[in-house]
Amino acid sequence: MLTITRKLEFDAGHRIPDHKSQCRNLHGHRYTLEITLVGAVIEEEGSSDNGMIMDFSDVKTLAKQHLVDVWDHAFLAYEKDTAVLEFLASLPNHKTVVIDRIPTVENLARTAFDILKSVFHDRFGTGLRLQKLVLHETPNCWAEITAD
């Protein structure tokens with residue numbers, strides 16, 4: 001199996017409301033996102049993508065449009081964390097992304113995977129699909145989710 005991987009970074013805040021440690025406080029991370037795609041190599045003479053599964057710049061453009069730019073410099077808040085949601089709503093023009101899960105790195109990876117899998121699915125009729133997504137919360141801590 002031949003895959004390609006594109007790495008992107010973004011900054012976002014979150015909190016884990018019921019956590020026993022400092023993670024229950026408002027804080028942020030420099031997240032690193034790795035998107036791994038699988039598909040047939042395009043073999044079309046004269047095509048800009050000839051010899052590629054997908055052009056890395058196109059992977060970046062789509063990922064930024066559908067996820068990275070949405071989450072970058074936002075506060076990722078759990079829909080049931082009413083105290084934080086009320087506070088953020090009181091801030092004029094605050095960038096808040098509400099998700100249906102507690103924003104642990106595991107849940108954020110799952111949410112990101114769900115968002116991006118349809119974006120890349122069979123984009124060129126070559127069987128292209130999102131194979132794996134890795135989300136680093138810190139250089140030493142991350143979650144991985146695969147299509148299998």
Side-chain angles (χ1 to χ4, degrees), residues 1-40 42 48-49 52-148:
M1 174 181 10
L2 183 61
T3 65
I4 60 169
T5 301
R6 174 70 199 225
K7 182 166 57 170
L8 299 114
E9 296 180 335
F10 63 94
D11 299 294
H14 75 146
R15 85 174 189 128
I16 313 303
D18 299 318
H19 199 267
K20 63 186 176 206
S21 78
Q22 294 187 48
C23 292
R24 70 183 172 280
N25 299 314
L26 304 178
H27 65 285
H29 297 282
R30 176 75 173 169
Y31 289 95
T32 301
L33 174 69
E34 297 177 24
I35 299 164
T36 300
L37 302 171
V38 63
I42 297 167
S48 175
D49 296 340
M52 301 176 188
I53 292 174
M54 184 175 189
D55 188 305
F56 286 118
S57 67
D58 293 335
V59 176
K60 177 182 177 181
T61 297
L62 289 169
K64 284 178 62 61
Q65 177 185 356
H66 294 277
L67 182 81
V68 174
D69 289 348
V70 177
W71 287 11
D72 189 35
H73 283 80
F75 195 89
L76 309 175
Y78 178 41
E79 68 183 4
K80 294 182 181 176
D81 193 353
T82 54
V84 165
L85 289 173
E86 289 172 9
F87 167 69
L88 295 174
S90 75
L91 302 174
N93 302 313
H94 190 273
K95 189 175 179 183
T96 303
V97 175
V98 179
I99 63 171
D100 63 355
R101 303 169 176 140
I102 295 170
T104 60
V105 71
E106 297 90 340
N107 285 336
L108 292 174
R110 183 178 307 156
T111 300
F113 190 91
D114 290 345
I115 291 167
L116 293 177
K117 73 179 174 185
S118 63
V119 170
F120 293 107
H121 181 74
D122 206 20
R123 191 143 189 103
F124 307 114
T126 59
L128 182 73
R129 67 183 170 92
L130 181 58
Q131 175 65 28
K132 180 169 87 168
L133 184 141
V134 180
L135 185 63
H136 294 256
E137 188 173 78
T138 71
N140 299 318
C141 303
W142 63 88
E144 296 182 19
I145 182 169
T146 60
D148 303 326

Within the 4.5 Å heavy-atom criterion, are [X] and [Y] side-chain neighbours or not?
X: I4; Y: T36; answer: no
X: Q131; Y: L37; answer: no
X: V70; Y: K64; answer: no
X: V38; Y: I53; answer: no
X: L108; Y: W71; answer: yes
X: T32; Y: L135; answer: no
X: L67; Y: L33; answer: yes
X: V105; Y: C141; answer: no

Original post:
Would S57 and D55 satisfy side chain to side chain donor-acceptor pair (under 3.5 Å), going step by step from the backbone distance to the final call?
Top reply: CA-CA 5 Å; S57 67; D55 188 305; 2.7 Å; yes
Minimum heavy-atom separation for [X] to [Y], with atom names?
X: V84; Y: R15; answer: CG2-NE, 3.1 Å
X: L85; Y: A77; answer: CD2-CB, 3.6 Å
X: H27; Y: F75; answer: O-CE1, 4.3 Å
X: A63; Y: L116; answer: CA-CD2, 4.2 Å
X: A109; Y: I145; answer: O-CG2, 3.8 Å
X: I16; Y: P103; answer: CD1-O, 3.5 Å

Report yes or no: does [X] contribute a side-chain atom to a donor-acceptor pair with the main-chain N or O of [Y] at less than 3.5 Å?
X: H94; Y: P92; result: no
X: D72; Y: F10; result: no
X: D49; Y: M54; result: no
X: D122; Y: T126; result: yes

For [X], look at atom [atom1] and say whether over 12 heavy atoms of other residues, nucleotides or ligands are found less than 6.0 Å away.
X: R123; atom1: CZ; value: no
X: K7; atom1: NZ; value: no
X: D100; atom1: CG; value: yes

Original post:
Looking only at side chains, do N140 and T138 share a donor and an acceptor under 3.5 Å apart?
Top reply: no
Original post:
Do Q22 and R24 have side-chain N/O donor and acceptor atoms under 3.5 Å apart?
Top reply: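 No donor-acceptor contact under 3.5 Å links the two side chains.
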**OP:** For the pair T5 and I35, evaluate side chain to side chain contact (heavy atoms under 4.5 Å, CB included) and give the outcome as yes or no after the intermediate values.
**Re:** CA-CA 5 Å; T5 301; I35 299 164; 5.9 Å; no
**OP:** Let me see the working for E79 and I99 under side chain to side chain contact (heavy atoms under 4.5 Å, CB included), right down to the final yes or no.
**Re:** CA-CA 6 Å; E79 68 183 4; I99 63 171; over 6 Å; no
Gap separating the [atom1] atom of [X] from the [atom2] atom of [Y], nearest 0.5 angstrom:
X: F120; Y: D58; atom1: CZ; atom2: CG; value: 9.0 Å
X: L133; Y: D114; atom1: CG; atom2: CG; value: 10.0 Å
X: D18; Y: I102; atom1: CG; atom2: CD1; value: 6.0 Å

Original post:
Does H14 have its ring centroid less than 6.0 Å away from the ring centroid of H29?
Top reply: yes
**OP:** Might you work through the side chain to side chain contact (heavy atoms under 4.5 Å, CB included) test for F113 and T146, ending with a clear yes or no?
**Re:** CA-CA 8 Å; F113 190 91; T146 60; 6.0 Å; no
Subject >> T111 vs R101, side chain to side chain contact (heavy atoms under 4.5 Å, CB included): CA-CA, chis, key distance, verdict >> reply: CA-CA 9 Å; T111 300; R101 303 169 176 140; 2.9 Å; yes
Original post:
If you measure from the Lys or Arg side-chain nitrogens to the Asp or Glu carboxylate oxygens, is any gap between E9 and R30 under 4.0 Å?
Top reply: yes
